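Presented below is the structure to which this report refers.
It should be emphasised that the depicted structure is a prediction, and the values quoted were computed from it without experimental measurement.
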Amino acid sequence: MTPNSESKELVITREIHAPRELVFQVWTEAEHLKHWWGPKGFEISVKHLDFREGGFFHYSMQAPGGSRMWGKFVYQEIKAPEKIVWINCFSDEAGNIVRPPFSDLIPLEIRNKVTMSDNNGTTQITLYSRPINATEEERNFFEGMFDSMKQGFGGTFDQLEQYLSEEKN
């Protein structure tokens, strides 16, 4: 699986006020991920986490109104504490890839890469996101969502920053 060369890539960079080793750790353990991953206001429940190349993270996201969606990461590359590459998708409770309930145009699989670089005690994280095996229509839809995704990931990274500030204390 390789990213479509025609796809534009979403790139988001954020400075996190925590040491790189701690930032990396909270991406790798279920006990941490459930506190900060996902959209603001959603409750994350971890069904399975096997953090290794070829392993996967399977979780549910429950909205404040009670609706539930499932997601899955399949880890492609891990280089502690610098980089994590995974394929992200919506799934059903059994872990099968499915379309999200809110759009038939979101690509089934998104390749994400997060890099973490040390910056004198803080960590710069950069997220790169691009559809793979997507139709032209799906790629165009994905690119049209960049502003919305930047807001969504901004909220997720706000939660990460908040969680890390609590973990350090």
Side-chain angles (χ1 to χ4, degrees), residues 1-18 20 23-24 26-28 32-33 36-42 44 49 51-61 63 67 69-92 95-119 122-164:
M1 288 192 243
T2 58
N4 299 44
S5 58
E6 315 87 63
S7 295
K8 291 183 181 152
E9 192 166 53
L10 172 70
V11 179
I12 301 171
T13 299
R14 178 82 171 254
E15 194 73 22
I16 302 292
H17 298 280
R20 181 171 67 168
V23 174
F24 185 85
V26 301
W27 283 81
T28 68
H32 295 302
L33 279 162
W36 69 269
W37 179 255
K40 277 189 174 179
F42 281 62
I44 303 299
L49 176 61
F51 186 75
R52 63 177 174 81
E53 292 179 6
F56 67 93
F57 170 41
H58 186 210
Y59 59 97
S60 69
M61 301 174 282
S67 65
M69 293 179 288
W70 289 85
K72 186 175 176 181
F73 296 3
V74 178
Y75 296 106
Q76 305 291 298
E77 182 182 353
I78 298 168
K79 185 176 180 187
E82 299 169 19
K83 176 172 58 172
I84 305 168
V85 179
W86 71 97
I87 305 301
N88 194 51
C89 58
F90 286 89
S91 73
D92 60 18
N96 301 303
I97 296 173
V98 299
R99 295 244 176 236
F102 50 85
S103 174
D104 288 338
L105 291 176
I106 291 179
L108 285 174
E109 297 176 297
I110 309 291
R111 180 187 186 271
N112 290 300
K113 174 175 76 172
V114 67
T115 60
M116 301 170 202
S117 55
D118 182 45
N119 192 5
T122 65
T123 304
Q124 179 175 303
I125 60 173
T126 303
L127 174 76
Y128 304 86
S129 188
R130 164 184 305 219
I132 58 172
N133 304 320
T135 66
E136 182 178 356
E137 189 177 27
E138 290 170 335
R139 288 192 308 271
N140 290 337
F141 185 80
F142 181 82
E143 292 166 13
M145 293 183 4
F146 278 11
D147 287 341
S148 173
M149 287 188 290
K150 286 178 181 176
Q151 287 182 351
F153 276 113
T156 296
F157 293 157
D158 287 347
Q159 292 174 157
L160 170 61
E161 183 96 46
Q162 177 67 36
Y163 179 69
L164 285 166

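Between Y128 and T115, the closest side-chain pair of non-hydrogen atoms falls below 4.5 Å. At least one side-chain heavy atom of V23 sits under 4.5 Å from a side-chain heavy atom of L164. No side-chain heavy atom of I97 sits under 4.5 Å from any side-chain heavy atom of K72. Inter-residue side-chain proximity for D158 and Q162 is flagged as unmet; no heavy-atom pair is nearer than 4.5 Å. Annotation: side chain of F73 is not in contact with side chain of I84 (no heavy-atom distance under 4.5 Å). Using a 4.5 Å cut-off on side-chain heavy atoms (C-beta onward), Y75 and L49 make contact. Put simply, the side chain of L160 does not reach to within 4.5 Å of the side chain of R14, judged on heavy atoms.
Between W36 and V26, the shortest heavy-atom contact is NE1-O, 3.0 Å. Minimum heavy-atom separation, F24 to K83: CE1-O, 4.1 Å. Listed here is the closest heavy atom pair of I110 and P107: CD1-CB, 3.8 Å.
Remark: Q124 pairs with T13, E15, S117, T126 by the side chain to side chain contact (heavy atoms under 4.5 Å, CB included) rule, at least two apart or across chains. Taking F146 as the reference, F142 meet the ring-ring contact (aromatic ring centres under 6.0 Å, His included) condition, with sequence neighbours excluded. Scanning for side chain to side chain donor-acceptor pair (under 3.5 Å) contacts around S129 gives N112, with sequence neighbours left out.
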Show me, pair by pair, the donor-acceptor contacts under 3.5 angstrom made by side chains of residues 149-156, not counting sequence neighbours?
| unit_1 | atom_1 | unit_2 | atom_2 | d |
| --- | --- | --- | --- | --- |
| T156 | OG1 | G38 | O | 2.8 |
| T156 | OG1 | G152 | O | 3.3 |

Identify all side-chain donor-acceptor contacts of residues 51-61 below 3.5 Å with residues at least two apart in sequence or on another chain.
| unit_1 | atom_1 | unit_2 | atom_2 | d |
| --- | --- | --- | --- | --- |
| R52 | NE | D50 | OD1 | 3.2 |
| R52 | NE | D50 | OD2 | 2.8 |
| R52 | NH2 | D50 | OD2 | 3.1 |
| E53 | OE2 | I78 | N | 2.9 |
| H58 | NE2 | S91 | OG | 3.2 |
| H58 | NE2 | D92 | O | 3.1 |
| Y59 | OH | W37 | NE1 | 3.3 |
| S60 | OG | R68 | NH1 | 2.7 |

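Annotation: salt bridge (charged side-chain N to carboxylate O under 4.0 Å, His left out) contacts involving residues 97-106, sequence neighbours excluded, comprise R99-E138.
Atom CD of E136 has 12 or fewer heavy atoms from other residues, nucleotides or ligands within 6.0 Å. The environment of E82 atom CD is dense: over 12 non-hydrogen atoms of other residues, nucleotides or ligands sit within 6.0 angstrom.
Remark: the backbone N or O of M116 is paired with a side-chain donor or acceptor of R20 at under 3.5 angstrom. Checking side-chain atoms of Q76 against main-chain N and O of I87 turns up no donor-acceptor pair under 3.5 Å.
Interatomic distance, R130 CZ to L10 CG, rounded to the nearest 0.5 Å: 10.5 Å. The structure places CZ of F157 at 5.0 Å from CG of L127, a figure rounded to the nearest 0.5 Å. A distance of 9.5 Å separates SG in C89 from CG in N96, rounded to the nearest 0.5 Å. Between the CE atom in M69 and the CZ atom in F90 there is a gap of 5.5 Å [rounded to 0.5 Å]. We find the CZ-CG distance between R139 and L105 to be 13.0 Å, quoted to the nearest 0.5 Å. The distance from the CG atom of L108 to the OG1 atom of T135 is 9.0 Å, given to the nearest 0.5 Å.
Ring-plane geometry between W27 and W86 is classed as tilted, the angle between the planes lying from 30 to 60 degrees on a 0 to 90 degree scale.
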